[in-house]
Amino acid sequence: MLTVRYDRLDVHEGHRLLDLGCGFGRHSYEALRRGAEVVACDLGRAELDGVLALAWSLVEQGELGDNAMTCAVQGDAVHLPFNDETFDRVIASEVLEHIHDDAAALAELARVMRPGGQLAVTVPSWLPEKICWKLSSDYHAPAAVGGHVRIYRHRQLAQRMCDAGFEPQSSH
C-alpha cells in the first residue's frame, strides 16, 4: 500500500528521489515507474538487497523501462551519507515515528533536498497508533529493535517540519 500521493509530489522523469527508510521499496518502485532516479536508503541491509533484486526483476519483466535507475544505500536518517542539495524529491513514509531525534532527521532531509524540492512525510494516524500502543508493548519497543518511539499529532509534525525549514502545504 502506498501512503504517498505521487500526483501531489509531482514525481516524474528527471527527478532524483530519496526514499528514506525504504523498507522493501514500495515507494521506490512507484517512483521508478514514473521515471525518477531513485536512491533507496534504509538501516537494514536485507531490505536494501531486496529492493535492488526486485527492481532488477521488474526491469527484466518489462514493468520498468531499461533506463530505470536505482541504487540502495545503507544509512542513518540523522547522518545521511549524501551531499547537500542532492535530491529533487524526498519520501519519508512511516519513518519518523521510529527515530529518537526526529528533528535531526528532518534537518538532514532539508540539507539533502535541492531548492524547490518537495518532501512527502507520512506517519500513522494518532488514534489507531494510540490503540496499537495500548494493545502491544512490542509495538512501541525501543527504536533499536524497530519500534515506534512517538505518536504524532498533526500540529506537532507540522511544527517540526517548519522548524527544519519546510513549509507544509497539505495533508491527508
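Owing to the predicted nature of the structure, the values given are computational and were not obtained by experimental measurement.
Inter-residue side-chain proximity for I99 and V149 is flagged as unmet; no heavy-atom pair is nearer than 4.5 Å. For the pair V123/Q156, no side-chain contact is recorded, criterion being any heavy-atom separation below 4.5 Å from C-beta on. Considering only heavy atoms from C-beta on, V112 comes within 4.5 Å of L18 through its side chain. Within the 4.5 Å cutoff, the side chain of R153 has no heavy atoms near those of the L157 side chain. Taking 4.5 Å as the limit, some side-chain heavy atom of V73 sits within range of a side-chain heavy atom of F82. Inter-residue side-chain proximity for P168 and C162 is flagged as met; some heavy-atom pair is nearer than 4.5 Å. The closest side-chain heavy-atom distance from I91 to Y6 is below 4.5 Å. F87 places none of its side-chain heavy atoms less than 4.5 Å from the side chain of L17.
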>> Go through it in stages, so that I can follow the logic: the residues are R26 and E30, the test is salt bridge (charged side-chain N to carboxylate O under 4.0 Å, His left out), and I'd like the CA-CA distance, side-chain angles, deciding distance and then a yes or no.
In response: CA-CA 7 Å; R26 61 189 168 155; E30 181 60 25; over 6 Å; no
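Across every non-hydrogen atom of E108 and L80, the tightest pair is OE1-N, 2.7 Å. Heavy atoms only, all atoms of each residue included: A164 and A107 are closest at CB-N, 4.0 Å. Scanning both residues, L96 and D102, for their nearest heavy atoms gives O-CB, 4.2 Å. When all heavy atoms are compared, the tightest approach of D42 to G21 is OD2-C, 3.2 Å.
Annotation: E13, atom CD; neighbour count of heavy atoms from other residues, nucleotides and ligands within 6.0 Å does not exceed 12. Annotation for R45: atom CZ counts as buried by contact number, over 12 foreign heavy atoms lying within 6.0 Å.
Considering CZ of R150 and CZ of R160, their distance stands at 5.5 Å, rounded to 0.5 Å. Taken to the nearest 0.5 Å, the CD atom of E97 stands 10.0 Å off from the CD1 atom of I151.
Listed by first and then second residue, the side-chain hydrogen bond (donor to acceptor under 3.5 Å, both in side chains) pairs that reach into residues 69-84 are D84-R111, sequence neighbours excluded. Contacts classified as ring pair (Phe, Tyr, Trp, His ring centres under 6.0 Å) and involving residues 26-70 (residues at least two apart or in different chains) are not found.
Put simply, the side chain of Q169 gets close to the backbone of E167: a donor and an acceptor are under 3.5 Å apart. With H98 contributing its side chain and V95 its backbone, the two residues share no donor-acceptor pair below 3.5 Å. Panel note: side chain T122, backbone E94; a donor-acceptor pair is recorded below 3.5 Å. Judged by distance alone, the side chain of D19 and the main-chain N or O of S28 form a donor-acceptor pair under 3.5 Å.
Partners of F24 by side chain to side chain contact (heavy atoms under 4.5 Å, CB included), not counting sequence neighbours, listed by chain and number: E47. In this structure, the side chain to side chain contact (heavy atoms under 4.5 Å, CB included) partners of Q118, at least two apart in sequence or on a different chain, are L9, D10, R89. Qualifying side chain to side chain contact (heavy atoms under 4.5 Å, CB included) partners for A104, counting only residues two or more places apart in sequence or in other chains: V78, D101. Taking the side chain to side chain contact (heavy atoms under 4.5 Å, CB included) definition, one finds that R114 meets it with R16, E85, D88, sequence neighbours left out.
One hydrophobic cluster, built from ILVMFWY side chains closer than 4.5 Å, cannot hold both L109 and L43; they sit in different ones. There is no path of hydrophobic side-chain contacts, each under 4.5 Å, that joins M69 to V38. The cluster map of Ile, Leu, Val, Met, Phe, Trp and Tyr, joined by side-chain heavy atoms under 4.5 Å apart, puts L54 and L48 in different clusters. Clustering ILVMFWY residues whenever any of their side-chain heavy atoms sit less than 4.5 angstrom apart, transitively, puts V11 in the very cluster that holds L2.
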